[in-house]
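Quick caveat: nothing in here was measured; it's all calculated off a predicted structure.
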Amino acid sequence: MSIDFDAVIIGAGFGGMYMLHRLRQKGFTARVFEAGKGVGGTWYWNRYPGARCDVESVQYSYQFSSELEQEWEWSERYATQPELLRYANHVADRFDLRRDMRFETRVARATFDEAASIWKVETERTGASGTAGSVTARFVITAMGCLSSPNTPKIPGLEEFKGPTYHTGNWPHEGVDFTGKTVGVIGTGSSAIQSIPVIAEQAKHLTVFQRTANYTVPAHNRPLDPDYVRQVKANYPEMRRRAKTKPAGIDFTINPASAVETPEEERNRQFQERWDYGGLGFMASFSDLLLNDDSNKFAADFVRAKIGEVVKDPETAAALVPKNIIGCKRLCVDTGYWATFNRPNVTLVDISDEPIERITANGLRAKGRDYTFDCLVLATGFDAMTGALLKVDFRGRGGVSLKERWNEGPKTYLGLTVVGFPNLFMITGPGSPSVLTNMLPSIEQHVDFIADCLEALRRKGKTVIEAEPQAQEAWVGHVGDVSNITLRSTCSSWYVGANIPGKPRVFMPYIGGLPAYIQACEKVVANGYEGFALA
Ligand code: N01
């Protein structure tokens with residue numbers, strides 16, 4: 001049987017783009033299928049007002065090409081969505097990626113033919129330029145992102161609302177002008193916390209429905225100083241090397257001290273220093289914030305106290321105070337979020353004790369009261385980590401579906417492969433550090449692993465690679481064991497699938513840190529792809 005491509009890659013975000021580039025460099029043929037009209041993945045879909053990355057731009061960028069690193073100019077400390085999308089398009093042009101990509105084409109099904117050891121990949125159109133058809137490939141590589149399947153909660157009456165409803169994770173490309181409109185926002189996660197201050201500036205009135213108050217730290221975003229950029233560009237390899245030694249793959253200094261063992265004055269000084277600097281590094285103020293309840297409480301109390309300093313109305317301030325563990329749900333990074341609630345055109349409705357009753361034709365009903373809006377914004381997140389993967393009907397050995405295989409939660413070997421699904425690789429799959437790290441270095445590490453693996457198979461004259469059951473069990477056990485050490489696995493977050501009714505509760509990402517993970521992968525390779533069966 002003839003094979004159309006060495007590999008089919010699903011998704012043209014940062015993972016799919018680099019995967020294509022690496023495979024081409026190694027002389028493999030590949031075809032990328034992308035449901036959207038263009039490249040960029042997350043940054044293609046999430047066009048809500050205020051969207052920007054909360055990892056600093058000089059770190060949230062590819063490192064595989066020093067020319068690319070040197071020529072691209074980031075304008076701000078944290079890149080906006082439009083700038084990140086420009087960057088993705090620049091990469092696609094610079095490395096001539098588009099000729100092997102098919103847009104507006106969604107992979108619906110992928111079936112492994114055991115006799116021939118090839119995948120049959122079936123596609124459907126999502127737009128006029130798309131292709132419905134089927135191709136064959138030796139390998140299938142998913143690059144669909146971890147937060148790419150938007151979650152629309154099943155609130156009764158959602159379809160009855162007469163005005164437009166927008167989801168932050170699938171925002172209209174032409175943008176939305178909220179000028180003079182009354183707007184309701186459901187959700188207070190990262191997407192909401194970024195968009196609320198911007199929507200509030202436009203809207204006639206904005207009402208925010210908050211189920212769980214969230215921790216947020218200031219971004220202190222600013223234009224990048226040219227001297228700083230020169231310094232980064234002169235030392236990029238060293239900065240990237242340092243980042244890889246940090247659990248999150250981000251080059252910031254972790255204070256090795258314990259918060260409980262540090263005297264109060266010094267502890268608060270440390271917190272304040274990180275607070276003034278801004279960003280996710282706040283959680284690196286001490287090494288035990290996610291390991292020790294008391295340490296965590298010090299950090300939580302520090303942030304809680306800030307709310308009252310900003311928000312003038314005591315009732316609103318009290319409602320905004322998070323009650324859970326800081327950093328358990330993903331920490332948010334904001335620009336003027338709390339201050340937005342001082343505006344006369346913004347109202348907070350705390351629905352922590354009573355869910356929204358229903359969406360109505362003109363708005364919604366909550367806590368026995370009717371609210372009316374011109375537009376509704378769902379900032380309600382994603383079916384994280386497994387949502388996009390399970391939208392594709394993957395069929396492995398014996399016709400078994402991935403959905404069936406994962407009905408008790410995802411199980412993978414290294415977050416890269418699944419027993420019974422030979423020659424299927426997942427970039428930043430469940431069981432890998434992925435969402436707990438800076439995505440770009442994690443993506444590059446996975447892509448390099450997969451590309452090197454395909455090359456090794458070719459060299460050895462092998463055509464099939466599959467995880468061995470005992471290796472997968474051991475990895476799943478290890479992922480579970482390390483997750484139990486931290487406080488992060490203890491709350492109802494999307495990390496454990498708690499935001500999707502009926503989803504199995506499993507802590508999905510690998511929390512052992514990027515350095516330990518890289519070491520584990522390197523050991524597997526050094527031992528001749530230990531834990532994999534090659535044929
Ligand atoms: O989604 P979320 P997100 N009724 O799941 C609420 C990354 N990201 O899109 O907490 C009422 O965090 C839900 O309430 P609760 C980042 O990793 C990064 O904001 O479940 N409310 C919550 O408040 C982030 O963590 C960046 O009680 C309902 C909100 O909706 C991840 O993406 C920017 C509800 C969802 O929050 C997801 O963030 C944006 C219901 N029925 C996102 N259902 C940056 O890099 C849900 N909610 C900056």
Side-chain angles (χ1 to χ4, degrees), residues 1-13 15-34 97 100-102 105-123 133-145 388-389 392-397 399-402 405 412-429 431-432 443-468 471-472 521 524-525 528-529 531-535:
M1 193 192 251
S2 75
I3 304 182
D4 298 320
F5 303 101
D6 292 318
V8 157
I9 299 164
I10 312 177
M17 289 201 292
Y18 179 46
M19 192 74 245
L20 172 61
H21 178 65
R22 285 295 279 150
L23 289 183
R24 275 190 192 162
Q25 280 182 326
K26 290 185 184 285
F28 292 106
T29 58
R31 161 83 22 111
V32 176
F33 291 116
E34 164 59 52
L97 299 178
D100 287 322
M101 294 178 163
R102 295 296 175 270
T105 304
R106 183 191 303 285
V107 172
R109 195 169 301 101
T111 310
F112 187 68
D113 177 335
E114 287 186 65
S117 296
I118 58 173
W119 282 93
K120 181 182 171 201
V121 178
E122 294 167 75
T123 62
S134 87
V135 298
T136 54
R138 181 66 76 195
F139 301 95
V140 170
I141 304 165
T142 71
M144 290 185 277
L389 284 164
V392 178
D393 185 11
F394 286 106
R395 298 276 164 168
R397 286 196 193 281
V400 172
S401 76
L402 188 61
R405 192 49 74 88
T412 68
Y413 182 37
L414 298 171
L416 276 160
T417 57
V418 183
V419 171
F421 293 78
N423 293 0
L424 173 67
F425 290 96
M426 297 170 297
I427 298 173
T428 64
S432 74
I443 283 170
E444 285 185 303
Q445 188 258 341
H446 265 189
V447 167
D448 290 343
F449 180 97
I450 296 165
D452 291 349
C453 176
L454 265 53
E455 193 177 42
L457 291 173
R458 182 171 60 191
R459 204 172 47 241
K460 291 171 196 267
K462 307 284 186 191
T463 53
V464 183
I465 181 163
E466 183 178 355
E468 290 175 332
Q472 179 167 292
C521 289
V524 164
V525 176
Y529 290 93
F532 287 104
L534 313 185

Smallest heavy-atom separation, Val419 atom then Gln472 atom, equals N-OE1, 2.9 Å

Interatomic distance, CZ@Phe139 vs CG@Asn423, rounded to 0.5 Å, equals 4.5 Å

All heavy atoms of Ile9 vs all of Ala30, minimum pair found to be CD1-CB, 4.0 Å

Are Arg22 and Phe28 in a cation-pi contact, defined as NZ or CZ under 6.0 Å from the six-membered ring centre and within 45° of the axis?
-> no

Heavy-atom closest pair (Cys453 atom, Ile465 atom, distance to 0.1 Å) is SG-CD1, 3.5 Å

Between Tyr413 and Phe532, is the ring centre distance below 6.0 Å?
yes

Between Pro422 and Val464, the two heavy atoms sitting closest are CB-CG1, 3.8 Å

Fill in: salt bridge (Lys or Arg N to Asp or Glu O under 4.0 Å) evaluation trace for Glu466 with Arg397
CA-CA 11 Å; Glu466 183 178 355; Arg397 286 196 193 281; 2.7 Å; yes

Flag side-chain contact, heavy atom, 4.5 Å: Val524 against Leu414
yes

Q.
Quick one, Thr123 with Arg102, criterion side chain to side chain contact (heavy atoms under 4.5 Å, CB included). Give me CA distance, side-chain angles, the key distance, then yes/no.
A. CA-CA 10 Å; Thr123 62; Arg102 295 296 175 270; over 6 Å; no

In short, Ala7 meets Leu23 closest at the heavy-atom pair CB-CD1, 3.7 Å

message: Within the 4.5 Å heavy-atom criterion, are Ser401 and Asp393 side-chain neighbours or not?
response: yes

Rounded to the nearest 0.5 Å, the OG1 atom of Thr111 sits from the CZ atom of Arg395 at a distance of 7.5 Å

Side chain proximity check, Leu416 to Met426, heavy atoms < 4.5 angstrom: no

Handout entry: Any side-chain heavy-atom pair of Ile427 and Met144 under 4.5 Å
Key = no

Check: Is the shortest heavy-atom distance from the side chain of Phe421 to the side chain of Thr417 under 4.5 Å?
Finding: no

**OP:** Flag the pair Val8 / Val135 as yes when at least one side-chain heavy-atom distance between them is below 4.5 Å, and no otherwise.
**Re:** yes

| said: So Asp6 and Leu454, do their side chains get closer than 4.5 Å, heavy atoms only? | reply: no

Here the gap from Arg138 atom CZ to Asp4 atom CG, rounded to the nearest 0.5 Å, amounts to 12.0 Å

So CG of Asp113 and NZ of Lys120: to nearest 0.5 Å the spacing works out to 9.5 Å

Taken to the nearest 0.5 Å, the spacing of His21 NE2 from Lys26 NZ works out to 11.0 Å

Output for pair (Leu389 CG, Thr142 OG1), nearest 0.5 Å, gives 5.0 Å

Passes side chain to side chain contact (heavy atoms under 4.5 Å, CB included), Phe425 versus Val140? Steps please. CA-CA 6 Å; Phe425 290 96; Val140 170; over 6 Å; no

Note to self: Any heavy-atom pair between the side chains of Met101 and Arg31 that's under 4.5 Å?
What the structure shows: no

### Steps toward side chain to side chain contact (heavy atoms under 4.5 Å, CB included) verdict (Trp119, Phe5)
CA-CA 10 Å; Trp119 282 93; Phe5 303 101; over 6 Å; no

CA sep, side-chain torsions, deciding dist, call: Val392, Arg106, side chain to side chain contact (heavy atoms under 4.5 Å, CB included):
CA-CA 9 Å; Val392 178; Arg106 183 191 303 285; over 6 Å; no

